[in-house]
Structures are given as structure tokens and as C-alpha cells.
Amino acid sequence: MDYDHLAIEKKWQAIWNKKKAYKTKNSGKKYYVLDMFPYPSGVGLHVGHPKGYIGSDVYARFKRMQGYNVLHPMGYDAFGLPAEQYALEHHIHPRKAVLENVKTFEGQLHKIGLSFDWDRKVDTTDPAYYKWTQWIFLKLYESYYNKEKDKAEPISELVKKFEKRADWKAKTAKEKQDELMKYRLAYEGYSEVNWCPILGTVLANDEIVDGPKGPVSERGGYPVVKKEMRQWFLRITAYADRLLTGLEGLNWPENIKEIQKNWIGKSEGLIFSAKVKDTDITIETFSAHFEACYADTFFVIAPDHPLLPELLDGIPNREEILRKSKEIVDRRSKFADGEYKEIEGVFTGRYCIDPLGNGNLPIWVASFALANYGTGIVKCSAHDERDFAFAKKYNIPLKVVLIPEDESLRGDVISKKVCFSDMTKGTLTEPIELKGRNAREARGDIIRYVTSRKYARVHTTYKMRDAVFARQRYWGEPIPLMHDKEGIIKELPEKSLPLRLPEVKSYMPTGTGESPLAGVKQWVKKGLETNTMPGWAGSSWYFLRYMDPKNKKVFADKKAIKYWKDVDMYVGGAEHATGHLLYSRFWNKFLMDLNLVVTEEPFKALRNQGMIIGTDGRRMSKRWGNVINPDEVIKNYGADTLRVYEMFMGPFEGSLPWSTDNIIGSRRFIERVWRLQSKVSNKQRMSKVPFDMRKTAKVSQNLEVLLHKTIKKVTDDIQNFAFNTAVSSMMILLNEMEASTGSAQENGIRKKDFEMFLKILNPFAPHMTEEIWKTLGHKTLLVLEKWPKADKKKAREVHVKIAVQINSKVRAECIVPAGAPEEEVVALVKELPDVEKWLLGKEIKRVIYVKEKLINFVAI
RNA sequence: GCCGGGAUGGCGGAAUUGGUAGACGCACACGACUCAAAAUCGUGCGGAGCAAUCCAUUGAGAGUUCGAUUCUCUCUCCCGGCACCA
């Protein structure tokens, strides 16, 4: 009975497939286990890719055996840059390339023995799918965010309100369109974007990496510069607060929540209004660190602030200031975000009347002021590092109102030699009413002080920006909008969806910035939008399509949505923390507002799989020649071994190097289980003596105790994604099963016990366990068997080994009845020769007894 | 700079309401089987010692405690995220 992994695995994969063992049902207690939508990249998988799939598969199988109706689907996100880039490199049509890649990809996944319900496969590039992506886009376009109701509403509701205004009727169609564009959740606008001239496309921040000479595209490593372009945007910022508060109840890794929190960047502060002297302009400034606001002595405005030209009207050297501001913007745009640290500026010639009564304060243009954060204008003081440095450079007067509690610093701060900005460690001198108070502690009082006097109002701002939702490329969902000659935008009617991508002669980027669609006469003649959607469009809602993947009438039937509700367990890479995960949550919340889905948060639990890196410690890549192909591993060791090894190598979320040596351990484990089947007997077997569990500190009364303990451990571990310790506890069980069938005892393993072992091992090694299950005479499929329950009574030891310590040093060990009271244990232990020896001539001062763990004599 | 996570044998790692550190696996050494090798099985594997035994020990240093990988403080290094965010 040799273990022929190739034959066994092929055989069972075919049987499971034929019997539709993993077909999702439509009733019962539901459980939704989802993997992040992959790109079928074409170069094939390396052993790192399936790690997440194996983890989620173990989990899905576990839940299935626990009696849940499990939805565990797989599909492809084949739109977007990687697929298009691959197609360009290989000179074939993207769709053709996608289908080829999917074939390769699927073939590789099948060999691993993953329990997907392939009948629910979806593909973003399939018009039957992207029809609904376009449909959701139109819904976003037709909606605005009603702040009072804190939810999205049809834009028609807003139009109704506007129609009550006298000036609305007087507006032209174009003016109305422009006005409404300020509210739509999908809107057209212009913005500075990351432009890659060589790829001829705009890139998202997460598609850019740092190169030696500035930012470059992640794919290809081509230079990236800033460029102003016409774009479509999604108003994700409208949902900023809900995206933030929604994180609270989620069973997600804390670090991912933290990353999203920082990304959203909620900041509560004050907005001050100030009149600009000699003009009718009133400017506003945002400040989150306003405790020392009485120190403010000047204002700065962003060089690219839209108000700047107006502010400079009537200033003699207006053109010179505008030119210098433009220079600053140009210099800044050459750098990637955050790399430009130069502090420079120019005086505008204007003054503000300080709302706090400190007279006329100069307004400067400053390089460090950002037009798109806060109000783009900042009130500046001596108690901010950048403001301080700026003032020193241009000799702007400073004022000190925050005195450090640390006396050694005081002199330098008061004489303005150094900047002091730590609100938590300084006391205020102004306003007089709050003099002597710690600045941070007085924060609330300052808010009351300035707001009650109408100097400022409370305001919340976010770092998060609206998402660019357009690419100047061919391979994406067409945006279902038309522009007529007057520039009026019309939506395509729902019945004309999907708006299919046209066949084109060249799907290469034009390089001028326009999409290849701009070169399609028919397309342009109809006035169709030439931008396409970005790569993340289709993946922002696919988890809903899996609930009802074939539906032709709606994106997913409400009944299916009500049943499946949300993803119970989502598994994927941590790199999607601020991209996909945020966008999906946003789309889901929007659909929730439209009453189309039933939960505010789509992903209840999330787990991140770590990477598998090369044996050389580098990221697996063709470039380093360190790629391990799973097909090879499966050929040599088997899919079961690959699965067990990837789960056993270390913590699921950890990043670990592949080891060609270590995998043999997992193979040996599989083979030993295989060989153990010949030892199965129905003879009742009980050890006569408690055996030593390989010095693991506990004593098992018999194998049954260990078996039930192992069932409990494996159940808990899979639930916690602690797959490595689940495997190791089964290795311990195997060791003991083998030991108990040694030649001396001539005993077999009880069939019933062995079968329970097979069941808990099945999610990890489904093929081999299924084969043994059949050999044992079963006609049913093991993968559909019930998960065993650990019997609490049976999992209980009768005797336990405890440590005996004298003055906290272990001097002996002792086997005592489980749950024995202290007096009994003390009496037992004192008999031990080692204890007598160590206690000789000493007086016991104290005895500490930890039940079933240790006893410690404190003796002098 | 700010935020988050981490550092345990030759290696991957295990153990935290504070309770025998090093489970499990790999590598290595020795033994059994074999003409031999592989595979398999057995034993050992922090250091010293034939042994009894002794000593050290969870990045470094201090503290709390009968007892610290686990809690507190200081520091070093590594990884991830954000970064002119007012």
C-alpha cells in the first residue's frame, strides 16, 4: 500500500468535482469565506500565492464540516493595469490574454485541492458582470450626500430644493450641471494627478514606488510626474466619518484598522475667520493645534490656492508674486508626496485683521501650505516648527504665549531662540483668563473661549481625498456617459447597458494622455466618455455578485443578499488596507443607503496572510531566480504536503522564507498517517501505565484523553487562524498513536479514534484522508462529514505532573491526582528525596500552590 | 518625525488572566536494519561533566514579584504604515 500522492490527488479532485461536493446550497446556517479577488497575471503562481487560499480553504472546509452552508467562491479581477500591461508586452488582445491566464491560473488552483464552488465564478471583464459595475457608477452619478440625513439620496431630491431658489431657474443647463457636479457622488473634475508619460496613464498613489531619481510606476519603473487632467472622481470623503466609525466593531487585525484610521485622518479643530484689510475678502483658516492661538503673528496661503489671484488684486507686484508662487508649485510637483521639504515663500502685500485682536497680521505665500487640506490658509505662530522656521527665514515677528514647564528650556523659548510646540508640557500666558493653565488641559476651555466670542467655530477635517475614478486606458469598464456638443452630460439608459468596449486597432496608450477610445470614430461621434474605470472598480462590489452570480435582472437578488448578508471571513494581503478595503466599504455603504444591501459593513472578519519569500530571503521573483512553482512541489511531494507545510511553517500572518529542507517534515507526517491505517483495529486498547508525553509536562491516562484534547485544540486553533499549532498538535497525537502501537504492546488504534483524527486532519490534507476514509469502508465523502466534538469528560487527565520548586527553582517533579487539594500535594511532595534534600536545615516560610501546575516552597 | 508591530537554540517557530522556557518540525550526531546506500525506526541535541550534579538563558539595562518571554520604565535594532495634514 504505497502512498501514491499523484494518483490519489487526481482521483479525489475528479470525484469531488463530479459529485459537486462543494456546491453552495441556498439554505441552512450560512457562512461566507472569501479570498481577495486575484489578478490572473499570466506568469503563473509561485508558492506564496496560494498561502492565503490554503488558509481560507482550511477554514471553509472546517466551517462546512461544522454544518454551515458555506459560500467559498473564486473569480478574477482581470481589468486594470497588470492585465493590460501583460497584454501589451505579449502583443495580444487583453481579453484573449485574460482568458489564457485564467486557464493557467485555474489549472494551478485545481491541483491544490481548494474547495471552491466554481459554478459561482465571476470575471470583471465579462460584460455580464461589468454591466452592473456601470450600473452602480450611474447610481453614484445620480446621487448626492445628504448631510442632515447622513446618507446618500437621489440628486433629484437636491434639484427639487434648488428649484425653490429664484436664481436656479435663471441658470443655463450648463450652469446647472456645473452646480450639481459639486454634489454628485461621481463627479467630473480637474486635478493634479500622477501622470506617467511612458505608460500614457494616470496612476493611483499605491501604483507608484520610489525610484532613485524620484517617483516611478510600480509596473515597469517609469518616471511619474504631476499633471493637471480631466478626471472622474468618487466622493468617498462624504463617507469619511462612517468609514471611520464603522471600523470599531470589526473583527479585523488591529494594524489594518489603524492604517485605515490614519488614512482617513480625522482631525478636529477650529476655523477662524478673518477680514483681509483693504478688501472685501474674508479668509478662513483651519487649526487643530489652536491652544496657542494667541501667539499667531502671520498667515500663510498655499501657492496654488484658488483665492490667491483675487487676494492679490490691486497689489503692485501682483504678477511677480503669482510667478513666484507658480515656481514654488512647479518645484514641489517634481517631488513625490512628502519629499519636498524646502521652506520658501513670498509676501503678498496683504494683511489680515486678527480676529483675536492682535492687529494687522501679514499674509505670506508659503511652500508648506497645502491647498487641499483644511482651508488652504494657515494662521501661524512661534509654537509650530515650520511656522517658526519660516518666520526666522523671512524675519517675521514672533510672539510667545506658551511657556515650557521645563525650566531649562524657558530662557531660549522666551528669547525666541528655539521653537517650543509641545502643548502637553507648556503653560499659557494668553488669553489672560486662561493664564497659567497647561495648554493641552485647557483645550476645551479655549474652544469655549473663542467660539463663545465668535472668533472661531469648531470644524472637523480629513486627510482622505476623493478617489480618482478614471484611467486613460483601453482595458477597463467604459464609463456609461455621453457628452453632447454643448458639453451637457447624459447618462446611458439602463437598458442599453452594458456599454461594451469597442474593438480597436490599437489598444496601446496614445501617449497624449487620451485613452485609445478617443481614437475610435464611432465612439467619439456618439460623444461617449473616453476615460475608462480604474482597476479597483469591479473589485469594489464582487463579494455581492458571488451571492447571486448569474442574475441578469439585478446585480444580485435581494433575497440572496438578505440570506448571505456579508462576508464572515475575508482573507487577503495587508497591502489592500487603504485601497480595495476602503473602496469596497464605501460602495457597500452607498448601496446600503440605496437600500440595496442589508449591512453597513461588508467584511465582518478579516485575516491577512503573510508572504512567502525566497530561500535567499528576497521576494520571490523571476528577476532573482528564486521562484518556487507550486506545480513542482505538488508533483514531488503532493498537494496535501504543500498544504500542510504552508500552514505549518509559521504563523499565518507572518512573512517567512520557503525552505526546501523543512517541507520534508510535512511529507513525513502525511506518510506516517498513511502507514498508521494498517494499525487500525477494533480491539479496545487502554495503556496500563500513564505514559510520558515526550516531556511535555502532562501525563495522559490513555490515548483517548490526548485525542479529545487534540480535537479541542485543533478546533480552537483553526477558529483563530493558528494553523501552525493545529498541525503541531496533530503531530503530537500521531507520535502518541504510533508509540502506543509499538511492537511491545501489539495493540492497534481504535478505528473510531483514528477516524476522528482523519476528520480533523481533513481540512489540511483532504486527499489522503479521503482515500483512507474510503479504505476503512466508508461510502460517504469525508469532506462532507461532521466535525468531531471534543468530549470534555474524556479530555480530562486523571493525573498531572507538577513542578516542585524550592525558592522558585525547579528541584523535582511529581505526579499527582488531577485537582488534588493543596494539603494532599504538600504531603506527597515532602516525601520526595530531592525535596527533603533541598529543604534540609531550612524553615518553610511560605507555600505557593498553583493547581495542576506547580508547588513552590519559600524556605530560608 | 509620527503611528503600529516585533526581537526566544544552528534554523522555522511554541508557550502570556505572571506559574516547569524551548512544544512541533528541520538540520546535525550516534545507534538499529542493510553487502552497501536511500528510506524507515530508536536515542541525543543551551553549556560543562562518564555521572550525580552545576551553571546560563527569551535584544540590552533596571524595577515589581515567591516566581517575569509575559507587567512597568529606559535604551538598541528590525519590519509595516503615514509623512510639509497646520
Side-chain angles (χ1 to χ4, degrees), chain A residues 253-263 265-267 269 285-290 300 302 332 335-343 366-370 372-381 384-387 389-390 421 461-465 574-575 577-578 608 644-645 648-651 653-666 668-669 671-672 675 693-698 722 724-735 738 742-743 801-813 845-859:
Chain A
E254 282 307 315
N255 66 317
I256 300 289
K257 288 201 212 178
E258 202 60 36
I259 289 169
Q260 288 209 356
K261 247 184 228 172
N262 292 341
W263 184 262
K266 182 175 182 169
S267 175
T285 66
F286 175 77
S287 175
H289 307 293
F290 48 77
V300 298
R332 205 164 66 174
F335 292 81
D337 282 349
E339 271 186 13
Y340 179 72
K341 301 276 183 193
E342 195 82 21
I343 285 187
S367 59
F368 62 85
L370 304 173
N372 54 5
Y373 182 77
T375 63
I377 307 174
V378 192
K379 241 162 128 262
C380 298
S381 81
D384 177 280
E385 299 282 351
R386 283 160 317 169
D387 300 352
F390 189 82
S421 59
T461 188
Y462 300 88
K463 278 188 210 174
M464 186 171 62
R465 306 284 147 75
E575 68 274 17
T578 54
N608 299 122
V644 168
Y645 176 58
F648 179 63
M649 26 191 323
E653 57 299 341
S655 181
L656 298 164
W658 181 264
S659 165
T660 314
D661 279 339
N662 285 345
I663 191 169
I664 194 70
S666 300
R668 282 180 193 147
F669 171 63
E671 282 185 34
R672 282 162 61 202
R675 271 183 256 130
M693 256 184 63
R694 297 256 180 295
K695 292 176 190 138
T696 50
K698 299 250 167 64
N724 56 333
T725 49
V727 173
S728 86
S729 67
M730 287 188 283
M731 286 173 170
I732 295 170
L733 177 64
L734 173 68
N735 287 345
E738 281 181 341
S743 54
K801 183 155 61 179
I802 64 162
V804 183
Q805 299 183 332
I806 315 292
N807 289 331
S808 304
K809 287 208 172 193
V810 180
R811 298 300 183 186
E813 284 174 341
K845 291 278 180 197
R846 215 179 135 187
V847 180
I848 294 137
Y849 176 54
V850 183
K851 210 169 137 190
E852 293 177 21
K853 297 261 183 199
L854 62 74
I855 186 150
N856 184 15
F857 294 100
V858 183

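Lettering of chains follows the sequences in order, A, B, ..., and the numbering in each one begins at 1. Because only heavy atoms are used, hydrogens play no part in the values below, and waters and symmetry mates are left out as well, while side chains stay in.
- Counting to the nearest Å, the P atom of rG4(B) and the CD atom of Glu575(A) are 22 Å from each other.
- For the C1' atoms, the distance linking rU74(B) with rA21(B) amounts to 25 Å, nearest Å.
- The main-chain N or O of Ala859(A) is found under 3.5 Å from a side-chain atom of Asn807(A) such that the two form a donor-acceptor pair.
- Taking side-chain N and O atoms only, Asn255(A) has no distance below 4.0 Å to OP1 or OP2 of rG81(B).
- Closest to the side chain of Ser728(A), out of rC24(B), rA14(B), rC26(B), is rC24(B).
- Backbone-only engagement by Asn724(A) is indicated by non-hydrogen atom pairs under 4.0 Å involving sugar-phosphate atoms exclusively.
- Across all strands, Ile259(A) comes closer than 4.0 Å only to sugar-phosphate atoms, never to a base (heavy-atom distances).
- Spacing between rC66(B) and rG80(B) at atom C1', rounded to whole Å, works out to 40 Å.
- Remark: the separation of the P atoms in rU69(B) and rG63(B) is 15 Å, to the nearest Å.
- Ser267(A) contributes atom OG, which lies 3.5 Å from atom OH of Tyr373(A) (distance to the nearest 0.5 angstrom).
- No side-chain donor-acceptor contact under 3.5 Å links Arg386(A) to the backbone of Asp384(A).
- Using a 4.0 Å heavy-atom cutoff across all strands shown, Ser287(A) reaches sugar-phosphate atoms only and no base atom.
- Nucleotides rC79(B) and rG59(B), compared at atom C1', are 15 Å apart to the nearest Å.
- Expressed to the nearest 0.5 Å, how far CD of Glu575(A) lies from CD1 of Ile256(A) amounts to 9.0 Å.
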When you compare the protein's N or O atoms with those of nucleotides 67-71 of chain B, which come within less than 3.5 Å of each other, and at what distance?
residue	atom	partner	partner atom	Å
rG67(B)	O4'	Ser808(A)	OG	3.0

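- Distance check: Phe390(A) CZ to Ile343(A) CD1 gives 8.0 Å after rounding to the nearest 0.5 Å.
- rG42(B) and rC24(B): their P atoms are spaced 13 Å apart (whole Å).
- When the P atom is compared between rC85(B) and rC2(B), the two are found 13 Å apart, to the nearest whole Å.
- Of the candidates rC66(B), rA14(B), rA27(B), rA27(B) carries the atom nearest the Asp661(A) side chain, counting heavy atoms from C-beta on.
- Atom CG of Leu854(A) and atom P of rA21(B) are 9 Å apart (whole Å).
- Distance from the side chain of Val810(A) is smallest for rU20(B) among the nucleotides rC82(B), rU20(B), rG12(B).
- Within 4.0 Å of Ala577(A), counting heavy atoms only, lies no atom of the nucleic acid at all.
- Residue Arg668(A) places at least one side-chain N or O under 4.0 Å from the OP1 or OP2 atom of rU40(B).
- Ion pairing between a basic and an acidic side chain is recognised when a charged N comes within 4.0 Å of a carboxylate O; Glu671(A) and Arg668(A) show no such pairing.
- We find that CD1 of Ile732(A) is positioned 13 Å from P of rA14(B), with the value rounded to whole Å.
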**OP:** Represent RNA chain B in dot-bracket notation, 5' to 3'. Only Watson-Crick or G-U wobble pairs with both distances under 3.5 Å count; pseudoknot-style crossings use [ ] and interstrand partners use |.
**Re:** (((((((..(((......[....))).(((((.......))))).(((....)))...(((((..]....))))))))))))....

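- The distance from the CD1 atom of Ile377(A) to the CG atom of Leu370(A) is 13.0 Å, given to the nearest 0.5 Å.
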Original post:
Can you check ring-ring contact (aromatic ring centres under 6.0 Å, His included) on Tyr462(A) and Trp263(A), steps first, answer last?
Top reply: CA-CA 9 Å; Tyr462(A) 300 88; Trp263(A) 184 262; over 10 Å; no

Subject >> Derivation of the side-chain hydrogen bond (donor to acceptor under 3.5 Å, both in side chains) call for Asn735(A) and Arg672(A) >> reply: CA-CA 9 Å; Asn735(A) 287 345; Arg672(A) 282 162 61 202; 2.3 Å; yes

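- With a glycosidic angle more than 90° from 0, rG12(B) adopts the anti conformation.
- Base contact: Leu370(A) has a heavy atom under 4.0 Å from a base atom.
- Contact annotation: Arg386(A) side-chain N/O to rC85(B) OP1/OP2 distance is under 4.0 Å.
- Per the geometry, NZ belonging to Lys809(A) stands 19 Å off P belonging to rG19(B), to the nearest Å.
- Using a 4.0 Å heavy-atom cutoff across all strands shown, Ile664(A) reaches sugar-phosphate atoms only and no base atom.
- The same atom, C1', is picked in rU64(B) and in rU72(B); the two are 8 Å apart, to the nearest Å.
- Distances shown here put a side-chain N or O of Arg846(A) below 4.0 Å from the OP1 or OP2 atom of rC66(B).
- Taken from CG in Leu854(A) to CD1 in Ile848(A), the straight-line distance is 8.5 Å, to the nearest 0.5 Å.
- The main-chain N or O of Arg811(A) is never found under 3.5 Å from a side-chain atom of Gln805(A) such that the two would form a donor-acceptor pair.
- Residue contacts shown for Pro657(A) are absent, as no nucleic acid heavy atom lies under 4.0 Å away.
- Separating the CD atom of Glu738(A) from the C1' atom of rC41(B) is a distance of 9 Å, rounded to the nearest angstrom.
- Side-chain nitrogen and oxygen atoms of Asn735(A) include at least one within less than 4.0 Å of the OP1 or OP2 phosphate oxygen of rG25(B).
- When the P atom is compared between rU57(B) and rC73(B), the two are found 24 Å apart, to the nearest whole Å.
- Within 6.0 Å of NZ in Lys257(A) there are more than 12 heavy atoms belonging to other residues, nucleotides or ligands.
- Positionally, the nearest nucleotide of RNA chain B for Glu671(A) lies more toward the 5' end than for the other of Glu671(A) and Tyr373(A).
- Comparing rA27(B), rC82(B), rC66(B) by their closest approach to the side chain of Val858(A) singles out rC66(B).
- The line from CZ of Phe857(A) to NZ of Lys845(A) is 15.5 Å long, rounded to the nearest 0.5 Å.
- One can place CD1 of Ile377(A) at 13 Å from C1' of rA86(B), the figure rounded to the nearest angstrom.
- Using a 4.0 Å heavy-atom cutoff across all strands shown, Arg465(A) reaches at least one base atom of the nucleic acid.
- In this entry the distance linking NZ of Lys853(A) with P of rU17(B) reads 8 Å, nearest Å.
- To the nearest angstrom, C1' of rA83(B) lies 10 Å from CG of Asn262(A).
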